[in-house]
Amino acid sequence: MPAKVSVPDSLSLLLRRFRSCFTAPGYEVFTAMFTGFILRPVERTVCGMLTGAGLAGIWHHSRAHRFFSGTRWDVGEVGLILAALVVEILLPPDAAIMLAIDETLTRRRGPKVFAASWWHDGSAAGATKISYGNSWVVVAIVVTVPFCRRPIALPILFALCVKGGRSKPDLGRDLLDQIAEAFPTRTIHLVGDAAYGAGHFAGLGHHMSITTRARSNAVFHHPTPASTGKRGRPRLRGERIGTPTDIANHATKNNTWVDTLINRYGTTITAQTTEITGLWFGVWRTDPVRVILVADSHRKTTTKKGYDIAIVTTDMTATAAEIVARYASRWSIEVCFHDGKNITGVGETQNRVEKAVQRSVPFTFMAQTITVLWYTINANPETQIADRRRNAPWYTTKTDPSTTDMLYALRDTLTTHRINTTTPGHATPEQNPNQQVSPERVAS
């Protein structure tokens, strides 16, 4: 077994883009850890990745651990290079960059795990919805690829939350600013859930927008009125419009609901929408916003609010259908988290020290993104889906490759590359560890 990992050219072309982030030894370990992460089917711990790379017993395990705890490299730098790759490969020139932001929790145990604490966990059992572990704010680029009907979220930047430290919206704003600095000429649209309808995202600038869900008690006002010329400080907001329920009641009274064709979650439906333009003064101060209410007759309404969802956005040019579809694309980051924890093994590393904790989860999430990029460039989805449906005929409606399919495709390529196609020569008795005849008897 060689003392380093060899990868096929199709993967090497992608991994070499990150060469500037590492020293020569660090890049060698980076390649080995990525390869081991893909080839290891279970237990993707640090030693598990070393075993998957075929280097267990050849490298000392401390070399793999030092890659996360001490080697000189920066998660943010790697993430921005990955973002540039996603934009270059999957987005048309000058197309807007769609970002999704959310937090996720990787469950851990032990009092010595850095930044581990009790956090909200939507997937936890019970009514309290809390779990112990590390909480991460993640920003992903949402893309549409030809072989999938639904958008895909590709995680690129990460921030570890610390109890008593900066808030999650504050960390998220920092990640957004990093992307804005890396792509100064691109239009950027950020979408997040109601937790990111916070004042940290006020004043984004003319080439950025944020779309989120308005809380039921949010209060909106008419735009800032013109100056009256009287003495005193001018008014910053107009008259009160009201809550989303007030807006819905007013639309029903004045019959301003309109039928809108909406494409979301891979299907197209007709729903009723109404909208107003004004200020969400208590959150984004004087930034103009649009409030779009959606009443979907296909959903079972459980309240008497008069609407199903209230979406608020600072994008003043997109149509209502585009805004609703944009907010619906936020769900792709939830799918990304589910696949990461249940398929690709994100969060299985058992690091405890600060640097290792800050690097291990981002590394595995970014490996998931690199896998999608490799699959988009090199794989043949039609052939793979045809084979899957032939081998599993009960998947009668399968048309899109899943994360599992992409992982298997890259794993098969790496495994095939490892196999030497030349016929090996016969081993000498000294090279054969299971020899039954002594070298002296062979010589005689």
*Would you say Trp284's side chain and Ala198's backbone share a donor-acceptor pair under 3.5 angstrom?*
yes
*Rounded to the nearest 0.5 Å, what's the gap from CG on Leu157 to CG on Asp177? Could you check?*
11.5 Å
*asked:* So for atom CZ, which belongs to Phe183, do other residues, nucleotides or ligands contribute more than 12 heavy atoms lying within a distance under 6.0 Å?
replied: yes
*Do we get Lys163 above Trp118's six-membered ring, with its NZ or CZ under 6.0 Å from the centre and within 45° of the axis?*
no
*asked:* Looking at Ala95, is its backbone amide N or carbonyl O close enough to the side chain of Arg186 to form a donor-acceptor pair, meaning the two atoms are under 3.5 Å apart?
replied: yes
*Distance-only donor-acceptor check, side chains Thr349 and Arg359, under 3.5 Å*: no
*Answer yes or no: is there an ion pair linking Asp400 with Arg150, defined by an N-O contact shorter than 4.0 Å?*
no
*Is there a donor-acceptor contact under 3.5 Å from the side chain of Gln384 to the main chain of Asp405?*
yes
*asked:* Is it the case that atom CZ in Arg213 sees more than 12 heavy atoms from other parts of the structure closer than 6.0 Å?
replied: no
_With a 4.5 Å cut-off on side-chain heavy atoms, are Asn351 and Phe114 touching?_
no
*Taking it one step at a time, do Val87 and Ile156 satisfy side-chain contact (heavy atoms from CB on, under 4.5 Å)?*
CA-CA 11 Å; Val87 171; Ile156 54 169; over 6 Å; no
*Heavy-atom donor-acceptor pair, Arg264 side chain to Thr267 backbone, under 3.5 Å*: no
_Looking at Arg173 and His200, would you say the former's side chain and the latter's main chain have a donor-acceptor pair under 3.5 Å?_
yes
*Quick check: does any side chain N or O of Lys129 sit under 3.5 Å from a backbone N or O of Ala124, one acting as donor and the other as acceptor?*
yes
*Ser332 side, atom OG; Met98 side, atom CE - distance, nearest 0.5 Å*: 9.0 Å
*For Phe37, is the NZ or CZ atom of Arg44 found under 6.0 angstrom from the centre of its six-membered ring and inside 45 degrees of the ring axis?*
yes
*asked:* Main chain of Asp296, side chain of Asp308: is a donor-acceptor contact present, judged purely on distance under 3.5 Å?
replied: yes
*How long is the gap from CZ on Phe18 to OG1 on Thr31, to the nearest 0.5 Å?*
10.5 Å
*Is the Phe67-Trp73 ring centre distance short of 6.0 angstrom?*
yes
*Near Trp331 CH2, under 6.0 Å, is it more than 12 heavy atoms from other residues, nucleotides or ligands?*
no
*Would you say Arg215 and Val283 make side-chain contact, with heavy atoms under 4.5 Å?*
yes
*Are any of the side-chain heavy atoms of Glu28 and Trp59 separated by less than 4.5 Å?*
yes
*Ignoring hydrogens and angles, state whether a donor on the side chain of Thr314 or Asp287 is under 3.5 Å from an acceptor on the partner side chain.*
no
*Using a distance-only test with no angle check, is there a side-chain donor-acceptor pair under 3.5 angstrom linking Asp9 and Ser12?*
no
_Test item: Leu176 and Met208 side chains (from C-beta on) under 4.5 Å apart, heavy atoms_ = yes
*CG on Leu373 to CG on Leu154, rounded to 0.5 Å*: 6.0 Å
*Which atom names give the shortest non-hydrogen contact between Glu77 and Ser20, and what distance separates them?*
OE2-O, 4.1 Å
*Fit a plane to each ring of Phe22 and Phe30, take the angle between them on a 0 to 90° scale, and name the class: parallel (under 30°), tilted (30 to 60°) or perpendicular (over 60°).*
parallel
*Where do Leu105 and Lys341 come nearest, in terms of heavy atoms and distance?*
O-NZ, 2.7 Å
*Looking at side-chain heavy atoms only, is the closest gap between Gln272 and Tyr307 below 4.5 Å?*
no
*Mind checking whether Val361 and Phe158 have side chains closer than 4.5 Å, heavy atoms only?*
no
*Going by distance alone, is a donor N or O of one side chain under 3.5 Å from an acceptor N or O of the other, for Lys168 and Ser135?*
yes
*Over all heavy atoms of both residues, which pair between Gln368 and Thr344 is shortest? Give the atoms and the distance, please.*
OE1-OG1, 2.9 Å
*Tell me, yes or no, whether the heavy-atom count around His338 atom NE2, taken from other residues, nucleotides or ligands under 6.0 Å, exceeds 12.*
no
*Please report the closest heavy-atom contact between Phe281 and His221, naming both atoms and the distance.*
CB-ND1, 4.4 Å
*Taking only residues two or more places apart in sequence or in another chain, which ones pass salt bridge (charged side-chain N to carboxylate O under 4.0 Å, His left out) with Asp170?*
Arg166
_What's the separation between atom CG in Leu15 and atom OG1 in Thr35, rounded to the nearest 0.5 Å?_
7.0 Å
*Lys/Arg N to Asp/Glu carboxylate O, Glu348 vs Arg40, below 4.0 Å*: no
*Do the side chain of Thr212 and the main chain of Gly192 share a donor and acceptor less than 3.5 angstrom apart?*
yes
*Could you pull out the closest heavy-atom pair between His65 and Cys47, with the gap in Å?*
NE2-SG, 3.5 Å
*Please tell me if the side chains of Ser360 and Val46 come closer than 4.5 Å, counting only heavy atoms from C-beta onward.*
no
*For atom CZ of Arg235, decide whether the heavy atoms of other residues, nucleotides or ligands shown that lie under 6.0 angstrom number more than 12.*
yes
*Consider only side-chain N and O atoms of His417 and Ser6, and report whether a donor and an acceptor are under 3.5 Å apart.*
yes
*asked:* Regarding Thr415 and Asp412, do their side chains bring together a donor and an acceptor under 3.5 Å, going by distance alone?
replied: no
*asked:* I need the minimum non-hydrogen distance between Ile101 and Gly172, along with the two atoms involved.
replied: CD1-CA, 3.5 Å
*Any sub-3.5 Å donor-acceptor pair from Thr369's side-chain atoms to Pro155's backbone N or O?*
yes
*asked:* So Arg17 and Glu88, do their side chains get closer than 4.5 Å, heavy atoms only?
replied: yes
*Tyr375: what forms a ring-ring contact (aromatic ring centres under 6.0 Å, His included) with it, not counting sequence neighbours?*
Phe147
*Report yes or no: does Arg290 contribute a side-chain atom to a donor-acceptor pair with the main-chain N or O of Thr277 at less than 3.5 Å?*
no
